[in-house]
Amino acid sequence: MTVKRSAGLLLFRTSDRGLEVLIAHMGGPLWASRDAGAWSVPKGEYGADETPEAAARREFVEELGLPVPDGEPVPLGEIRQANGKIVTVWAVEADLDPAAVVPGTFTMEWPRGSGRTREFPEVDRVEWMSPDRAAPRLVSGQQVFLERLAAYVRERDGS
């Protein structure tokens with residue numbers, strides 16, 4: 001059985017409010033009424049013909065409809081989610097206006113078993129949050145990326 005792989009970019013910024021990350025609420029009817037565990041790093045799957053970093057950049061553009069901001073990617077490593085998928089993430093320090101996001105879409109049968117297909121946004125909103133506010137909202141396996149990013153920023157800033 002082939003292991004699914006996914007890659008993404010976690011934007012971050014620092015200000016007088018402290019560290020903030022940009023995370024996305026997953027779109028579609030399955031996630032519409034959920035908050036806890038329904039947010040994600042903008043990411044997506046890739047195959048053997050693509051590098052993880054190239055996939056992370058492509059998926060950022062596909063999911064948010066915006067170019068990847070300039071900035072040096074900081075590797076945050078990989079994790080294995082509960083579903084077995086391996087997720088690799090890079091952090092990029094940049095600012096982005098959530099109101100500028102024009103999400104990509106996907107098609108699925110809805111309601112299930114109806115034979116009708118509908119189009120839904122990949123993400124239905126994005127938001128800047130502190131790591132403490134973001135952690136309970138993220139898919140549980142992705143929370144470690146917040147910890148790794150916070151450690152990187154503390155080391156970088158010497159605090």
Side-chain angles (χ1 to χ4, degrees), residues 1-13 19-94 96 98 101-110 112 119-156:
M1 185 168 137
T2 304
V3 173
K4 290 185 178 182
R5 294 185 169 270
S6 190
L9 296 178
L10 178 62
L11 294 192
F12 73 99
R13 64 185 184 186
L19 177 63
E20 292 181 304
V21 294
L22 186 78
I23 60 173
H25 186 269
M26 293 180 270
L30 303 177
W31 303 102
S33 63
R34 294 183 56 191
D35 190 52
W39 294 71
S40 178
V41 171
K43 62 167 189 53
E45 292 183 8
Y46 66 95
D49 60 336
E50 189 174 26
T51 68
E53 189 174 349
R57 292 177 161 288
R58 175 184 51 75
E59 285 292 336
F60 184 93
V61 173
E62 287 179 12
E63 290 206 352
L64 303 185
L66 299 171
V68 174
D70 292 335
E72 187 65 33
V74 176
L76 297 180
E78 66 180 33
I79 55 99
R80 182 180 297 268
Q81 292 186 160
N83 64 5
K85 182 185 290 184
I86 296 175
V87 179
T88 307
V89 170
W90 286 263
V92 175
E93 187 168 16
L96 181 145
V101 169
V102 181
T105 59
F106 68 96
T107 304
M108 69 181 280
E109 180 185 28
W110 193 258
R112 285 187 174 161
E119 197 168 270
F120 297 97
E122 294 264 358
V123 300
D124 56 24
R125 64 189 180 275
V126 296
E127 191 175 326
W128 287 103
M129 296 183 192
S130 69
D132 286 344
R133 188 165 163 249
R137 289 170 171 82
L138 275 178
V139 172
S140 63
Q142 295 179 23
Q143 294 169 359
V144 70
F145 295 125
L146 300 176
E147 297 164 13
R148 293 174 184 173
L149 175 61
Y152 163 78
V153 170
R154 279 192 306 273
E155 183 176 316
R156 179 195 72 180

Next item on the list: State, with a plain yes or no, whether a side-chain heavy atom of Arg5 is found less than 4.5 Å away from one of Pro52.
Entry: no
Notebook entry, point to check: Quick one: does Trp39's side chain get under 4.5 Å of Arg125's, heavy atoms only?
Noted result: yes
Next item on the list: Any chance you could measure Phe145, atom CZ, to Leu10, atom CG, to the nearest 0.5 Å?
Entry: 9.0 Å
Check: For the residue pair Arg133 and Trp128, what are the closest heavy atoms and their distance?
Finding: NH1-O, 3.9 Å
Check: Side chains of Val3 and Arg80: closer than 4.5 Å at any heavy-atom pair?
Finding: yes
Notebook entry, point to check: Is the number of heavy atoms from other residues, nucleotides or ligands under 6.0 Å of Asp70 CG greater than 12?
Noted result: no
Checklist line | Sidechain N-carboxylate O distance under 4.0 Å for Glu50, Arg58 | finding: yes
Next item on the list: Please name the pair of heavy atoms, one in Pro73 and one in Arg57, separated by the smallest distance, quoted to 0.1 Å.
Entry: CG-NH2, 4.2 Å
Next item on the list: Could you tell me whether Glu59 and Lys43 make a salt bridge, using a distance below 4.0 angstrom between a side-chain N and a carboxylate O?
Entry: no
Margin query: Just verifying a value: how many Å separate Ile86 CD1 and Ser6 OG, rounded to the nearest 0.5 Å?
Written below: 11.0 Å
Check: Ignoring hydrogens and geometry, is there a side-chain-to-backbone donor-acceptor pair from His25 to Arg34 under 3.5 Å?
Finding: yes
Checklist line | Minimum heavy-atom distance between Ala55 and Tyr46, given as atom pair plus value | finding: CB-CB, 3.4 Å
Check: Looking only at heavy atoms, which two atoms of Pro69 and Leu96 are closest? And how far apart?
Finding: CG-CD1, 4.5 Å
Check: Arg112 versus Leu30: any side-chain heavy-atom pair under 4.5 Å?
Finding: yes
Note to self: Using 30° and 60° as the class boundaries, would you call the ring planes of Phe120 and Phe106 parallel, tilted or perpendicular?
What the structure shows: tilted
Check: Below 4.5 Å, heavy atoms only, C-beta onward: do Trp31 and Asp124 meet side chain to side chain?
Finding: no
Notebook entry, point to check: With side chains defined as the heavy atoms from C-beta onward, is the minimum distance between Glu45 and Lys85 less than 4.5 Å?
Noted result: yes
Item checked: Value rounded to 0.5 Å, distance of CD in Glu122 from CG in Leu64 -> 9.5 Å
Notebook entry, point to check: Of the non-hydrogen atoms in Val153 and Phe12, which two are nearest, and what is the gap between them?
Noted result: CG2-CE1, 3.8 Å
Notebook entry, point to check: Take atom CD in Glu155; do more than 12 heavy atoms of anything else shown fall under 6.0 Å from it?
Noted result: no
Check: Are side-chain heavy atoms of Val61 and Val68 found at a separation under 4.5 Å?
Finding: yes
Checklist line | Taking every non-hydrogen atom, the tightest pair across Ala91 and Leu76 | finding: CB-CD1, 3.8 Å
Notebook entry, point to check: Any side-chain heavy atom of Ile23 within less than 4.5 Å of one from Gln142?
Noted result: no
Item checked: Distance in Å, Arg148 CZ paired with Ile79 CD1, rounded so as to fall on 0.5 Å steps -> 8.0 Å
